[in-house]
J.: 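Take a look at this one; I'll ask things after.
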Amino acid sequence: MTNRDIAAIFDRIADLLEFQSANPFRVRAYRNGARKIGDLNEPLSATAESDGGLTSIDGIGKDLAEKIATLLKTGSLPMLDDLLADIPATVLAILRVPGLGPKRAAIIHNELGVNSLEELRKACESQQVRDLKGFGTKTEQTILKGIDIAAQADVRTKWAKADVVAQELLKHMQGIAGVRRMQMAGSYRRGRETVGDLDLLIDADDGGAAMTRFGEFPSVKEVIVRGGTKMSVRLDSGLQVDLRVVPERSFGAALQYFTGSKDHNVEIRSRAKQRGMKVNEWGVFKVEGEEETYLAGATEEEIYATLDLPWFPPEIREARREFELAEAGPLPKLIKLEDIRGDLHMHTNASDGKATLEEMAEAAIDRGLEYIAITDHSQRVSMANGLDGKRLLNQWKAVDKLNDQLAEITLLKGIECDILEAGGMDLPDEVLAQADWVIASVHYGQNQPREKITERILGALENPYVDIVAHPTGRLINRRERYEVDIEAVFAAAAKHKKMLELNANPARLDLDDVHCAAAKRHGVPIVISTDAHHTGGLDVMRYGILQARRAGLTANDVANTRTFAKFKKLLGE
DNA sequence: GCCGTTTTCGGCCCGACTGTTTTCAGTCG
């Protein structure tokens with residue numbers, strides 16, 4: 001039972017309890033517990049053995065600790081089984097319909113016996129829903145529309161794709177009279193690898209003109225709501241975009257609030273409350289009896305300052321460790337794109353890349369890089385025309401030659417060498433020994449059991465010629481789950497053998513993720529952020545990796561390829 | 001269900017909008 005399994009079970013319990021209209025704070029306790037477990041860097045089994053035990057985890061009390069212990073021991077939980085005996089698991093899909101919350105979902109289930117999205121659709125179409133107490137024809141229509149959205153709404157939009165929409169929208173909204181400031185907020189601003197929707201915030205006294213322009217954005221499919229200060233639309237792609245208009249003195253408060261995360265805000269507001277203040281999207285207010293006095297709100301900085309907190313970079317506003325960090329002293333200076341000096345994972349047309357060696361080198365020079373590693377696939381990846389030892393040695397001769405010609409950049413002779421299904425490397429040691437930079441990757445046998453995959457990766461880390469393991473969990477966002485691997489063992493082995501681990505900047509990978517990167521840092525393992533470019537434009541994905549690294553709280557010092565080449569070589573132990 | 005510099009009970013963030021209501025519950029973010 002992994003941490004992820006247990007977190008998923010707690011989330012499921014929260015759903016089921018919510019459906020039963022249980023105490024909302026009890027529901028929150030389960031959701032909060034699930035999130036804390038998801039953020040945890042060590043396996044719960046290890047925490048259970050440690051000094052403080054499971055209750056040392058913030059948000060895990062006696063009860064949840066016992067449930068975790070039961071899950072670890074038996075793999076199941078009587079309480080969950082009881083809940084599932086009362087509620088068919090399929091009704092949980094009903095909860096995902098926008099506009100249907102736990103209360104109404106429960107009414108529909110109890111009164112009409114609806115157990116699935118399909119039955120819900122039939123109930124709406126036969127106009128049974130409108131006669132329920134608290135429902136009406138409008139609600140029935142909203143639910144019908146929501147069913148279609150729920151059916152496809154499982155997939156969150158990758159950040160890079162949302163970024164394209166965000167930039168188009170900002171451009172579309174330029175030059176509206178009366179608009180003083182404009183900024184995207186939400187999980188997009190926090191740089192999450194995927195976003196659920198987009199939030200646009202506007203500083204203006206009257207939102208009318210902005211809302212009208214907003215509604216004219218070409219890909220708007222429908223307007224969901226439009227009030228005095230708030231408007232929501234759905235785009236053709238299904239992505240929802242929210243617009244909020246606030247006056248100048250509230251812009252910072254609204255930006256802070258709509259950037260989130262939700263849990264970060266809960267913490268902020270709790271802290272305000274303790275000090276006799278109140279924080280909402282309109283500002284920070286001093287509360288004395290019925291009297292509320294505006295204290296701050298025009299900028300985020302003044303909001304935080306009023307609470308004696310530093311301005312937090314949006315990427316770390318997840319209520320993980322940021323408040324702890326703030327109390328310990330100045331916040332760490334998070335890594336920036338400009339800190340990157342090298343790119344150590346890229347392909348050429350020798351394997352499955354599109355550009356030549358020379359073109360990749362030129363493109364890297366254009367982007368101001370000081371060193372790159374050429375790392376085509378090894379022979380096992382036949383589909384990608386992977387290189388055998390002979391072809392590889394020939395490519396390295398070409399690299400040597402090009403290195404002599406190019407003064408601006410240093411090329412490393414590298415290889416992305418497969419870790420074979422049976423274990424061991426895809427190329428002999430005598431070849432790998434001649435490389436400047438050896439990446440080890442799992443591409444095949446991703447469905448093997450956890451022990452086997454872990455053993456393969458640990459074997460690669462023990463190989464003296466391997467420098468780094470690339471995309472260590474193999475996940476592809478929205479497409480493929482990570483393979484089963486004891487990632488803690490990987491961190492420990494990397495630390496022991498003084499190897500590095502990759503944060504692959506490709507927006508579909510971003511693997512290691514933020515939580516893993518933070519764990520790797522704790523183990524003292526250097527992270528390398530790489531583009532894995534397969535064409536010259538692929539070198540531009542570095543910025544997505546930077547966002548992920550910032551979310552992990554990494555500084556330039558934590559990332560090996562921010563070093564000058566000389567210092568990087570020292571890190572390599574050469 | 002969790003938690004404690006107003007500690008073991010009584011809190012737990014806050015507001016906009018909609019639809020179905022005659023003053024508010026439900027949902028969402």
Side-chain angles (χ1 to χ4, degrees), chain A residues 10 13-14 17-18 21-36 54-68 79 94-108 129-143 145-146 149 153 185-188 190 195-201 207 211 223-232 234 240-246 250 253-254 256-285 287 292 307 319:
Chain A
F10 281 2
I13 290 173
L17 287 174
E18 202 164 37
S21 298
N23 176 353
F25 297 107
R26 186 176 169 219
V27 175
R28 185 203 281 177
Y30 278 96
R31 289 217 193 285
N32 193 38
R35 197 179 59 86
K36 294 288 183 189
L54 289 166
T55 51
S56 66
I57 303 166
D58 189 34
I60 303 295
K62 186 165 167 281
D63 188 273
L64 290 186
E66 274 174 19
K67 291 198 166 69
I68 293 170
M79 178 223 193
I94 300 174
L95 276 177
R96 307 237 148 66
V97 175
L100 262 194
K103 292 281 195 311
R104 287 187 184 146
I107 291 172
I108 290 178
V129 172
R130 62 179 62 181
D131 294 333
L132 295 169
K133 191 173 163 55
F135 290 75
T137 52
K138 287 261 193 168
T139 310
E140 197 174 73
Q141 289 306 311
T142 308
I143 293 172
K145 255 196 273 180
I149 296 164
S187 53
Y188 170 76
R190 301 203 310 280
V195 304
D197 61 12
L198 285 175
D199 303 274
L200 176 61
L201 198 63
M211 289 192 182
V223 175
I224 302 169
V225 295
R226 177 171 175 167
T229 64
K230 178 184 171 177
M231 177 166 164
S232 293
R234 190 170 305 284
Q240 181 174 330
V241 189
D242 300 332
L243 172 71
R244 288 294 291 253
V245 183
V246 294
S250 299
Q256 194 283 319
Y257 169 48
F258 288 108
T259 296
S261 65
K262 192 175 174 199
D263 294 303
H264 179 88
N265 288 350
V266 168
E267 178 66 26
I268 291 290
R269 291 174 175 202
S270 300
R271 284 179 182 235
K273 201 166 183 176
Q274 283 168 14
R275 294 161 173 242
M277 293 188 267
K278 183 171 86 175
V279 176
N280 58 29
E281 62 262 55
W282 303 102
V284 185
F285 300 86
V287 182
E292 290 184 1
L307 299 170

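Convention: sequence-line order gives letters A, B, ...; per-chain numbering from 1.
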J.: For B:dG15, take OP1 and OP2 only and decide whether either is under 4.0 Å from a side-chain N or O of A:Lys278.
T.: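 For B:dG15, OP1 or OP2 has a side-chain N or O of A:Lys278 closer than 4.0 Å.
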J.: Answer yes or no: does a side-chain N or O of A:Ser232 lie under 4.0 Å from OP1 or OP2 of B:dA16?
T.: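 Answer no for this pair, as no side-chain N or O of A:Ser232 is under 4.0 Å from OP1 or OP2.
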J.: Base, sugar-phosphate, or nothing: which does A:Val97 touch, judged by heavy atoms less than 4.0 Å apart?
T.: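 Sugar-phosphate, no base atom in range.
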J.: Would B:dT7 be called syn or anti, given that syn covers angles within 90° of 0?
T.: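 Glycosidic conformation of B:dT7: syn.
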J.: With salt bridge (charged side-chain N to carboxylate O under 4.0 Å, His left out) as the test, pick out the partner of A:Asp263 among A:Arg28, A:Arg31, A:Arg35.
T.: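 Answer to the salt bridge (charged side-chain N to carboxylate O under 4.0 Å, His left out) test with A:Asp263 among A:Arg28, A:Arg31, A:Arg35: A:Arg35.
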J.: A:Asn280 side chain N/O closer than 4.0 Å to the phosphate oxygens (OP1, OP2) of B:dG15?
T.: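 It does, given that an N or O in the side chain of A:Asn280 lies less than 4.0 Å from OP1 or OP2 of B:dG15.
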J.: Say we look at B:dT7 and B:dC12: how far apart would their C1' atoms be, to the nearest angstrom?
T.: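 Roughly 15 Å separates the two C1' atoms.
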J.: Of the options B:dG19, B:dG29, B:dC12, whose atoms approach the side-chain atoms of A:Thr139 most closely?
T.: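 Of B:dG19, B:dG29, B:dC12, B:dG19 is nearest to the side chain of A:Thr139.
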J.: Does a side-chain N or O from A:Arg26 land closer than 4.0 Å to OP1 or OP2 of B:dG1, or not?
T.: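 Yes, within the criterion.
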J.: Mind calculating the distance between NZ (A:Lys230) and C1' (B:dC17) to the nearest angstrom?
T.: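 The answer, rounded to whole Å, is 6 Å.
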J.: So, does A:Trp282 get its side chain near the phosphate of B:dC14, meaning an N or O under 4.0 Å from OP1 or OP2?
T.: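 No, no such contact exists.
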J.: Kindly say whether, by distance alone, the side chain of A:Asn23 makes a donor-acceptor pair under 3.5 Å with the base of B:dG1?
T.: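 Looking at the base of B:dG1, it does pair with a donor or acceptor on the side chain of A:Asn23 (distance under 3.5 Å).
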J.: So does A:Tyr257 reach the base of B:dG15 with its side chain, donor to acceptor, closer than 3.5 Å?
T.: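 Check fails, no donor-acceptor contact within cut-off.
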J.: A:Tyr257 ring centre to A:Arg269 NZ or CZ under 6.0 Å, with the angle to the axis within 45°?
T.: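 Because its charged atom sits under 6.0 Å from the ring centre and within 45° of the axis, A:Arg269 does stack over A:Tyr257.
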